[in-house]
Amino acid sequence: MSHHDIQKPTDITIPADSLFAKLPMLGGGLAVVGLGATLASAFGENKARAMFSYLWAFEVVLAIALGALGFVLIQHAVRAGWSTVVRRLAETAMVTLPVFIVLFIPIVALGMHELYPWSHHTDAILEKKRWFLSVPFFLGRAALYFAIWSAFAWLLYSASVKQDSTADGSAEQKKLSHTMWKLSAGGIFVYALSQSFQAIDWMMSLQPHWYSTIFGVYFFAASILAFFCFVTLVAMALQKAGVLKDAITTEHFHDLGKFIYGFTVFWTYIAFSQFILIWYANIPEETEFYMVRLQGGWDVVSYALPIAHFFLPFLFLLSRHMKRNRTALAAACVWMLFMHCVDMYWLILPNFGTHGEGHHEAHLAISYLDVTALLGMVGAFLAAYGFFLNKNKVVAINDPRLTESLAHENY
Amino acid sequence: MATATAVVLPDDPKIRGDVTLEDPVGGREALVRGPHDFHSVTELVCAVNEKPILETPNPFKFGIALAAAGAAMFGGYIGYLFWEGPGIWGNNNPVGWAWDIVNFVFWVGIGHAGTLISAILYLFRQKWRTSINRYAEAMTIFAVICAGSCVALHTGRIWMDYYLFPIPNQMGLWPNFRSPLEWDVWAVNTYFLVSTLFWFTGLVPDFATLRDRATVKWRRMFYGALAMGWRGSMRHWVTYEKAYQILAAFSAPLVLSVHTIVSFDFAVSQLPGWHTTIFPPYFVAGAIFSGFAMVNTLMLPAREWLGLKDLVTVRHIENINKIILLTGTMVGYAYAMEFFVAAYSGNDYEGFTFINRMFGPYWWAYWTMVSCNVITPQLFWFRKIRSSPAWTFVLSIFVNIGMWFERFVITVTSLHRDALVSSWDYFVPVTEVFFLLGTFGLFFTLFLLFVRFFPVIAMSEVKSVMPQANPHWEGYGHGAHAHGGGNAQPATAGGH
Amino acid sequence: MNANEKLWGLLAQYENPATVYHACEKVRDAGYQQWDSCTPFPVHGLDKAMGLKPSKLPWAVLIVGVTGSTLGLLFQMWAMGWAYPMIVGGKPLMSLPAYVPVWYEITVLTSCVTAFLANWIMNGLPQPYHPAFASKAFERATDDKFFIMIEAADPKFDLEKTRALLKDAGATQVEELEP
């Protein structure tokens with residue numbers, strides 16, 4: 001197949017009558033109702049539970065947006081060709097990151113006391129950690145993370161959108177690609193640090209005595225996996241809505257499927273590495289993490305994770321035919337997104353009611369607040385996603401590598 | 001064909017570093033530089049192997065004599081070790097593991113780049129891998145042989161090593177499968193075997209080329225036996241490619257598992273400095289880092305002396321340097337994370353270990369490691385440096401040194417300050433330097449023999465990524481019924 | 001019947017991947033079964049041009065890999081838990097997490113050895129002799145020339161017609177091979 005035959009897609013804007021056009025409205029409504037209900041409970045006696053649900057939903061969705069940022073950075077840095085047709089879909093998820101600043105406010109304004117025991121409680125160990133775990137430093141770091149993510153997301157997004165209106169082969173088009181490449185090469189390193197420390201600050205410190213050096217990598221694995229599932233589903237839904245019908249082919253879905261498969265294995269690798277080292281060395285200050293998760297119903301989740309988050313998807317997606325079959329791949333994506341929610345739930349919720357120190361036994365109890373928080377958070381994210389999706393073209397139409405991507409074939 | 005138009009750059013290697021590729025816009029640089037067709041690639045690669053034995057160049061003879069002397073010395077050293085026992089080392093009471101394990105981890109880490117290039121870059125469709133995968137894989141196998149000798153020799157009673165394998169015996173005893181040291185036995189042996197099978201599979205079509213070109217009988221017999229009657233049948237290629245793909249798909253996680261398990265040797269313990277959860281990915285990143293540095297160390301002289309500059313271009317060097325930059329920074333991330341968590345944990349023992357690394361008796365080892373692994377690779381941010389063979393060679397040596405010291409720092413500094421102050425001691429090597437030099441002798445002997453007798457570049461794979469390998473290449477015109485128009489030169493530069 | 005009783009088949013030489021690709025399509029469309037093409041490297045898409053089916057090799061790997069994996073895990077459990085039960089390092093006899101690394105390595109080992117061996121077995125290699133090896137021209141099959149061979153045993157084989165087919169498809173030379 002030579003490049004002469006390749007036509008750039010023309011179905012690159014959201015039709016006015018599709019569900020995607022209504023996404024900002026629908027998502028916004030969902031956000032108001034869901035987050036409203038959750039936060040309203042935060043003023044009653046369920047305050048702590050509401051805040052835990054809120055933090056969980058926040059991290060579930062933030063993981064997708066952060067995964068998108070990581071993906072875009074990597075694609076630019078390695079000058080990937082295959083992914084250009086889906087890159088805008090990732091960029092749109094990435095550019096929602098500034099919205100999370102607003103979504104983060106309730107956590108600090110309402111939830112610090114309920115979520116983070118170190119903010120008001122002290123003991124001999126916490127005294128030694130005071131240099132890091134203090135409210136002002138925590139807030140300052142959060143501001144820094146958001147500043148980094150928003151800056152990179154916005155710079156990369158606006159450069160990419162600007163390229164849409166440049167002339168093919170023009171100097172400006174080349175310059176923009178070059179800028180994005182340079183920005184991303186450096187961005188990867190800042191991204192790696194900020195997303196790891198975010199995980200340490202917002203999730204690891206829920207249990208402030210516990211520490212694990214791999215925790216940032218664990219969150220990265222979960223995050224990019226969730227992102228790949230999300231972008232695959234969006235691509236499929238867009239094609240149903242009559243957008244990019246011929247541009248995104250089975251070859252691209254196959255590659256996305258391979259990444260979902262690969263990162264499922266990577267997540268398992270990281271999760272198992274953390275587990276076996278702590279299990280084997282059996283040092284009390286580390287095992288507490290797994291101890292709380294092996295009691296009060298959480299043991300079921302702990303045993304289910306390796307099976308449902310690894311063995312099932314691993315065997316399901318093993319064959320190349322499954323990755324190339326849209327229905328099968330969509331099912332896998334939905335399942336993995338569900339497991340992503342479970343995984344984050346398993347990281348965050350066992351700290352509810354235990355004050356992070358294991359003085360009280362953890363109990364698995366799902367609350368309606370989980371549902372409202374998740375629906376609200378997903379609504380807020382989709383509203384922002386829909387807004388940017390409608391605002392600009394759904395594909396980086398003037399990216400110089402678009403033809404390469406359109407012609408992409410697996411071997 | 002999914003790649004963009006190839007851009008052919010000027011032939012002069014000197015100016016390549018200054019040529020700014022039009023990419024990310026103009027397309028991708030051609031993998032093979034210069035006016036090559038399939039036949040000239042064959043000629044170029046086979047020329048190295050087909051030089052008659054008696055005409056072996058003198059520098060090569062000298063090199064192999066030196067390496068073989070080192071290997072022979074290693075043999076003598078093993079005999080001495082066998083006779084005297086590990087008392088000939090400087091290992092002492094808190095420092096029960098020292099150079100034996102440092103050398104093992106160093107060598108097994110070097111090996112990882114070969115598998116990364118042949119398997120992981122294959123899965124990521126990085127076509128530039130084809131001109132470097134063969135000798136990187138060879139490097140893997142020889143490095144694993146060195147690593148295996150180190151670890152087999154560190155057991156003390158070397159003649160009892162067979163107990164590491166599950167061999168039925170009169171005592172009904174089995175190896176302890178719950179022990180990380182037993183995991184290592186399986187990981188390293190599996191790795192060695194699978195890498196060798198993978199390497200051999202890739203070599204067979206090239207052995208057939210050498211067989212078909214052979215002019216003397218011994219060569220026809222030798223390569224004929226190795227080629228096993230390969231004739232390039234498409235029916236064979238179909239199964240062959242599937243097997244190659246499966247071997248790649250298994251080797252990719254295998255290579256991660258090997259250094260992961262090596263890291264478990266340390267990290268399952270309770271020793272501060274060894275026990276930390278980031279060890280598995282950190283060791284893997286470090287292994288790839290050191291392996292790629294060794295690829296550069298070996299490749300730069302080889303492309304110079306063997307006349308392979310058209311196949312191993314500056315683009316390859318640049319790509320390898322980018323991987324070194326990335327993995328070097330990953331290693332830096334792990335160092336930083338270890339330090340941060342040691343401080344964050346509030347654990348006095350953790351804190352002490354890391355302060356002691358920086359400012360304790362082995363401060364010099366620690367700062368050598370940081371300078372060579374984290375700081376100097378940052379020079380690769382500059383295109384001038386990462387596309388300069390001379391700079392690359394120097395920096396690759398730095399990385400080799402730095403990664404050896406990393407293992408030294410991890411192993412020795414964590415051990416030499418025991419929990420009980422009365423047990424503190426300082427490790428000083430005695431005869432170990434011969435141990436290290438001996439493994440280098442063995443490694444280079446094997447490597448030089450490989451370069452002399454085996455095709456150092458995967459000819460069939462390089463041909464398959466040349467633009468004219470595509471039956472729909474524009475150079476053949478549409479319909480492509482042209483008679484005898486074979487091997488037309490690739491048209492220069494982009495644009496149709 | 002062919003005039004030459006000792007005829008094994010015809011060997012045609014092509015100069016580049018494009019001609020051999022289109023020639024293969026023609027031979028496939030002419031309905032030949034016992035034929036083959038030989039190329040210095042796997043030409044992309046040539047298997048489809050020849051109408052070849054995908055390899056069955058992955059099945060062999062799957063079957064042996066799953067068996068090896070299962071036996072590897074069971075063996076560890078048996079050796080540690082029944083054959084010589086001994087507590088080491090305070091770990092329970094059935095320490096599933098500790099069996100994972102060796103379990104994994106055994107899975108990889110059995111699968112890879114199978115892939116390696118199945119590759120040669122399914123391809124009928126080593127095969128020291130093949131009629132094409134008698135041809136001088138065929139020595140370039142592993143260098144830069146592309147070949148198609150059609151066996152005389154093929155029901156469609158007819159010396160002159162087959163030769164004409166190969167020639168028309170762009171062969172630069174066609175020679176007869178003896179067994």
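No hydrogens, no waters, no symmetry mates; every other heavy atom, side chains included, goes into these values. A note on names: the letters A, B, ... follow the listed sequences, proteins ahead of strands, and every chain is numbered from 1.
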State the [atom1]-[atom2] distance between [X] and [Y], to the nearest 0.5 angstrom.
{"X": "A:Phe215", "Y": "B:Thr277", "atom1": "CZ", "atom2": "OG1", "answer": "10.0 Å"}
{"X": "B:Ser345", "Y": "A:Lys128", "atom1": "OG", "atom2": "NZ", "answer": "8.5 Å"}
{"X": "A:Thr213", "Y": "B:Met337", "atom1": "OG1", "atom2": "CE", "answer": "8.0 Å"}
{"X": "A:Gln274", "Y": "B:Phe279", "atom1": "CD", "atom2": "CZ", "answer": "15.5 Å"}

*For the rings on A:Phe189 and B:Tyr333, is their centre-to-centre separation under 6.0 Å?*
no
*Run the ring-centre check on A:Phe132 versus B:Tyr344 and record whether the distance is less than 6.0 Å.*
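Centroid separation for A:Phe132 and B:Tyr344: below 6.0 Å.
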*Quick one: sort the A:Phe259 and B:Phe124 rings into parallel, tilted or perpendicular, breaks at 30° and 60°.*
tilted
*Check whether A:Glu127 gets within reach of chain B through its side chain, its backbone, both or neither, counting any heavy atom under 4.5 Å.*
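Contact with chain B involves no heavy atom of A:Glu127 at all.
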*Check each atom of A:Ala185 against the heavy atoms of chain B and say whether the ones under 4.5 Å are side chain, backbone, both or neither.*
both
Top contributor to chain A contacts, counting heavy-atom pairs under 4.5 Å, from [options]:
{"options": "B:Leu326, B:Val341, B:Leu271", "result": "B:Val341"}
{"options": "B:Ala334, B:Gly332, B:Ser269, B:Gly346", "result": "B:Gly346"}
{"options": "B:Glu338, B:Arg178, B:Lys322, B:His275", "result": "B:His275"}

